[in-house]
Amino acid sequence: MTIKKLSVEETIKAYTNENGFACGINTVMKSLAPDISFDLTVAGGDFIIDRWDSLLPQPTSREIRDEYIRQQTIAECLAYFKETTVLNKLIKKLFKKNK
């Protein structure tokens, strides 16, 4: 299956809400096959599509896994940047108090 992947910025915009960046198998499948109805199971680390209601070709287990890892990495980076920003603000506050 040929997939036009969203850029990192587009992915963040598409899957961020008031609770922050959301990632999981639903966002992965939405990225790979928007507006397609499907059933999916995971067995032994492989993604198996049980039902696919589309004439478009199904994504492979590898494509699903790769997109899952990509979105998980984005989520971890956003969490790191958020934590770093909070820590930097606390450090600046401490230095201001000690002057």
Side-chain angles (χ1 to χ4, degrees):
M1 177 176 193
T2 303
I3 301 160
K4 184 218 170 272
K5 285 192 179 179
L6 298 174
S7 69
V8 171
E9 183 178 352
E10 291 168 328
T11 301
I12 293 168
K13 285 180 183 177
Y15 303 119
T16 299
N17 59 31
E18 64 276 357
N19 298 318
F21 183 71
C23 70
I25 199 61
N26 287 334
T27 60
V28 166
M29 292 305 291
K30 195 178 211 179
S31 291
L32 297 175
D35 304 322
I36 292 178
S37 182
F38 64 92
D39 287 329
L40 182 79
T41 56
V42 181
D46 289 325
F47 295 93
I48 302 162
I49 296 174
D50 301 312
R51 181 180 55 83
W52 185 256
D53 295 340
S54 175
L55 297 175
L56 294 173
Q58 298 177 4
T60 65
S61 182
R62 172 100 187 187
E63 289 170 324
I64 296 168
R65 184 175 28 260
D66 288 351
E67 182 63 16
Y68 183 86
I69 292 168
R70 179 177 173 270
Q71 288 189 18
Q72 190 63 40
T73 301
I74 292 169
E76 290 169 3
C77 287
L78 290 172
Y80 171 79
F81 293 142
K82 183 178 180 180
E83 183 179 306
T84 301
T85 300
V86 170
L87 288 174
N88 283 337
K89 287 179 182 177
L90 289 173
I91 291 168
K92 285 179 184 177
K93 249 186 195 180
L94 287 172
F95 280 112
K96 283 182 182 178
K97 285 183 181 180
N98 292 329
K99 284 186 175 184

Examine V42 and W52 and state if one hydrophobic cluster contains both, with Ile, Leu, Val, Met, Phe, Trp and Tyr joined whenever side-chain heavy atoms are less than 4.5 Å apart. yes
R70/E67 salt bridge by N-O under 4.0 Å criterion: yes
Can you tell me how far the CZ atom of R62 sits from the CG atom of D46, to the nearest 0.5 Å? 11.0 Å
Suppose we screen for side-chain contact (heavy atoms from CB on, under 4.5 Å). Which residues come up paired with Y68, at least two apart in sequence or across chains? V28, Q72
Gap separating the CD1 atom of I49 from the CD1 atom of I64, nearest 0.5 angstrom: 4.0 Å
Please check if the number of heavy atoms outside R51 that lie under 6.0 Å from its CZ is greater than 12. yes
State the CD-CG distance between E63 and L32, to the nearest 0.5 angstrom. 7.0 Å
Shortest non-hydrogen separation from R65 to G45 and the atoms involved: NH1-O, 2.8 Å
Are L40 and I69 linked, directly or through intermediate hydrophobic residues, by side-chain heavy-atom contacts shorter than 4.5 Å (ILVMFWY only)? no
Rounded to the nearest 0.5 Å, the CG atom of N26 sits from the CZ atom of F38 at a distance of 5.5 Å
Please work out which of the three classes, parallel, tilted or perpendicular, describes the rings of Y15 and F21, given edges at 30° and 60°. perpendicular
Where is the tightest heavy-atom contact between P34 and S31, given as atom of each residue plus distance? CD-O, 4.2 Å
Identify, with sequence neighbours excluded, every residue that meets side-chain contact (heavy atoms from CB on, under 4.5 Å) alongside D50. D39, T41, I48
OG1 (T11) and CD1 (I74) are apart, to the nearest 0.5 Å, by 4.5 Å
Residues in salt bridge (charged side-chain N to carboxylate O under 4.0 Å, His left out) contact with D35, at least two apart in sequence or another chain: none
